[in-house]
Structures are given as C-alpha cells and as structure tokens.
Amino acid sequence: MNIPTAYPAGLEQFVRSLPKAELHLHIEGTLEPELIFELAARNGVALPYASVQALRDAYQFTDLQSFLDLYYAGAGVLLTERDFYDMTMAYLRRARSEGVVHAEIMFDPQTHTARGVAIEAVFAGIARALREMRDTAGMSGCLLMSFLRHLSEQDAVDTLDAALPLRTQYADVWTGIGLDSGERGNPPEKFRRVYARCRELGFRLVAHAGEEGPAAYVQDALDMLHVERIDHGVHSEDDPALTQRLREQRTPLTVCPLSNLKLCVVDSLDKHNLARLLRQGLCITINSDDPAYFGGYLLDNYLASAQALGLSRAELATLAENSLQASFLPAARKQELVQRLRDTVDRDRDRDRDRDRDRDGDGIH
Ligand SMILES: [Zn+2]
C-alpha cells in the first residue's frame with residue numbers, strides 16, 4: 001500500500017484554500033500515538049507498547065475488526081474531561097489548518113462509560129473544545145453521538161437515556177446520532193427502535209453502512225433507520241437500483257478513501273469507486289474517519305484521491321461543495337460557506353487565466 005506523501009504544491013494549496021466540512025470523523029480516531037502516550041503517563045495507564053514508534057508500527061490492519069481492537073484499546077487512556085478536551089482541540093486545530101470550516105464529530109460514549117468514565121465528562125470535554133474553536137476562530141462543529149453496533153440495542157437505549165438529561169446543556173452542539181463499530185452481522189434492523197425514538201426526539205440521523213457490509217445494509221439504513229446520510233456506503237454500487245436511488249435522492253455518502261485503503265476495503269486507491277460515483281452524479285463527500293490510524297487527515301484524503309483517481313480541480317471543488325451542502329449546518333451559514341467556496345474557485349480560475357495570458361504574452365515578445 002502506498003499513500004503518497006508529496007503532492008504538487010499548487011494542488012495542495014488549492015485544496016487547502018477550499019472551505020470544507022468534515023462529516024465523518026470519529027474523535028477517538030484522532031488520538032495520535034504521541035497523545036496516547038502523554039495521556040497514559042498523565043493518568044497512570046499502562047500501555048503494552050514500549051514506545052510511540054512501536055505503537056505506530058502496530059497500525060497494520062487486515063480488516064475493520066483488526067483496527068477496532070486497537071482503536072478501543074487506544075481510547076482506554078481517556079479518563080477525564082481534560083483528556084477529551086485536549087484530544088478534540090488537537091483535532092480541531094489540525095483540521096482548521098487544512099481549511100476545514102465545519103466538523104461533525106462522532107463519539108462513542110459506550111467505549112468510555114464501560115470503563116467507568118462518566119458520560120458527563122465525555123460531553124463536557126468535547127463540547128468545551130468545540131465552543132472554544134467556534135468562539136475564538138469562527139470554526140463551527142457539532143456532535144453525532146454514536147452507538148456501538150456490536151453491543152445490544154438495549155445498551156444503545158441505556159446510553160441514550162443517560163445522555164438525554166444533558167441535551168439542553170449541549171443543545172448548541174449535540175445535533176445527531178450515528179451508528180458505528182463492526183458492521184458484519186450487526187444490521188441496521190437491530191437498531192430500528194432506538195433510531196425511531198431518536199427521530200421522534202428530533203435528532204439528525206446518520207449510520208455507517210456498506211463499508212464492509214452489503215448494499216442491502218445501506219438500503220435498510222435508509223428504509224428502517226431513516227438516516228439522512230450514509231457513512232461510507234461504498235458497497236452501494238453493487239446494487240444498481242440503490243445507486244440510482246442515491247443519485248436521484250442526492251443522499252450524501254461520507255466516503256473515507258484512506259480508511260478504505262488501510263482496512264483493505266479496496267486493494268489500492270486507484271480502484272476506489274468514489275470518482276465513478278461522483279461522475280454519475282451522487283452526492284459524494286471525502287472524509288478522514290480515523291486519521292491518526294489511517295495515515296492522513298482531510299487534506300491527505302483529498303490529495304491522495306486526486307492523485308490516484310485523476311480528480312480535476314472542478315471535481316475537488318464539487319466534493320468540497322458537497323460536504324457543505326450535506327452538512328447539518330443551518331441554511332444561512334451553509335449558503336455563506338458555499339458562496340465563499342465559489343468565490344475561492346473563481347479567484348483560482350482567474351489567477352490561472354492571468355498566468356496563462358502572461359505566459360502567452362511572453363512568448364510573443
Ligand atoms: Zn467511520
């Protein structure tokens with residue numbers, strides 16, 4: 001597997017300059033090995049790795065489950081409100097430097113409450129970072145509380161019940177509900193009732209589907225869970241009728257190319273179907289999933305895809321615009337960001353035209 005590390009400077013600058021939303025990001029998946037070691041030392045947690053490098057070297061995955069085993073172990077260093085704040089701030093700063101103007105962040109409370117961490121500490125630390133970035137840097141963000149699908153529906157119901165008393169306190173950031181963890185054998189149907197309740201409560205709904213699981217899980221997530229976006233969804237293409245439905249309904253797919261590569265969902269990036277689906281008119285977005293584990297943040301995901309799949313600047317701009325349109329932002333802010341994106345693309349085109357004219361002019365003299 002080769003993830004390119006250097007890209008044409010002009011292309012990198014162009015993608016960085018595009019206002020983008022990140023819609024598929026697990027905050028626990030942003031824990032860099034350095035921070036895992038720092039938090040382990042701070043909290044007196046023993047790690048089964050001798051060094052940061054030894055931990056990083058262990059990031060060789062064969063499928064989703066082989067990753068999840070390490071990912072849940074890594075999250076074991078998170079104990080206090082401050083830990084969740086530090087992790088979230090580190091991600092937001094990095095994302096902002098790459099031109100992310102809005103981040104919709106998934107988090108897995110069950111991973112933490114099962115270890116005795118209070119759900120209040122999880123919400124408080126992540127929300128403090130989101131609010132600070134909003135108030136000091138104008139970067140918006142929201143939370144998608146995600147249920148672990150390898151656990152029972154009752155466990156999800158209990159988690160929802162534990163979180164609901166916090167809803168008013170976090171009304172400015174807690175927007176929606178997600179479903180993640182091992183997909184195979186844990187179909188959307190298993191969570192039908194808890195999703196129905198979340199829908200009645202007015203939460204925005206997303207779910208992972210069609211990452212390792214079949215196209216039927218994507219269809220069931222739409223029909224049984226009534227989700228508005230599909231996380232991953234790359235296996236939707238196996239069902240032409242479903243693909244057509246996604247195109248007609250403009251259902252966003254939050255695709256994560258480097259994740260798919262690292263978890264062997266695709267053999268190589270040039271075989272990824274995101275460009276084909278985009279060119280068919282589906283609402284494809286690019287996201288980083290668990291960037292600390294998969295070898296790249298959002299910018300790397302755009303650039304590696306551009307390089308492997310020959311995405312044009314216009315297509316990269318469409319991907320960025322899709323991310324804004326598919327976000328859960330209020331209409332006015334969405335419109336403002338889309339306009340900023342279009343202005344950026346226009347300026348880039350004008351600069352190119354001027355450069356070409358200057359060059360042609362030079363040729364004449
Ligand atoms: Zn994910």
Side-chain angles (χ1 to χ4, degrees), residues 20-31 59 61-75 87-88 91 95 100 103-112 126 141-151 156 175-188 191 195 204-214 217-218 221 225 227-236 251-266 272-274 284-298 300-302 304-305 323 326-328:
K20 299 173 287 298
E22 170 121 86
L23 304 179
H24 183 161
L25 183 281
H26 303 265
I27 197 66
E28 296 90 347
T30 69
L31 260 185
Y59 293 175
F61 311 117
T62 50
D63 58 7
L64 175 58
Q65 192 57 52
S66 64
F67 153 69
L68 290 172
D69 292 343
L70 268 183
Y71 162 84
Y72 294 130
M87 168 177 67
T88 307
Y91 162 70
V100 174
E104 306 202 343
I105 293 180
M106 282 180 263
F107 68 111
D108 297 331
Q110 287 153 297
T111 302
H112 313 298
I126 302 175
C142 67
L143 293 177
L144 306 171
M145 185 179 85
S146 300
F147 300 128
L148 297 179
R149 68 200 304 160
H150 67 275
L151 300 178
T175 302
I177 296 292
L179 182 66
D180 57 14
S181 189
E183 188 180 6
R184 287 200 189 113
N186 295 302
F191 295 91
Y195 262 71
R204 311 298 295 260
L205 304 177
V206 302
H208 283 53
E211 177 187 19
E212 283 190 339
Y217 281 17
V218 175
L225 306 185
V227 300
E228 298 172 64
R229 293 196 307 242
I230 296 288
D231 291 321
H232 292 295
V234 289
H235 282 121
S236 304
T251 306
L253 302 187
T254 63
V255 176
C256 307
L258 292 180
S259 164
N260 293 154
L261 182 64
K262 268 287 210 181
L263 301 188
C264 308
V265 171
V266 291
H272 203 289
N273 62 5
L274 81 90
I284 301 297
T285 66
I286 284 186
N287 306 273
S288 68
D289 208 5
D290 302 282
Y293 291 87
F294 298 152
Y297 284 75
L298 192 62
D300 287 316
N301 273 274
Y302 271 80
S305 303
S323 75
S327 73
F328 294 147

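The first residue of the sequence shown is numbered 1, and numbering continues consecutively from there. Both counts, for ligands and for their atoms, begin at 1 and track the order of listing.
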**R184 NZ/CZ over Y217 ring centroid, <6.0 Å and within 45° of normal** = no

**Asked** How about H24: does one of its N, O or S atoms come closer than 2.8 Å to the Zn ion (ligand 1)?
**Response** yes

**Message:** Any non-hydrogen side-chain atom of S146 less than 4.5 Å from a side-chain atom of L179?
**Reply:** no

**Message:** If I consider every N, O or S atom in D289, which one ends up closest to the Zn ion (ligand 1)? I only need its name.
**Reply:** OD1

**Prompt:** Does any N, O or S atom in H232 come within less than 2.8 Å of the Zn ion (ligand 1)?
**Reply:** no

**Prompt:** Between H26 and D290, does any side-chain donor sit less than 3.5 Å from a side-chain acceptor?
**Reply:** no

**Asked** Are V206 and I177 side-chain neighbours, meaning at least one heavy-atom pair lies under 4.5 Å?
**Response** no

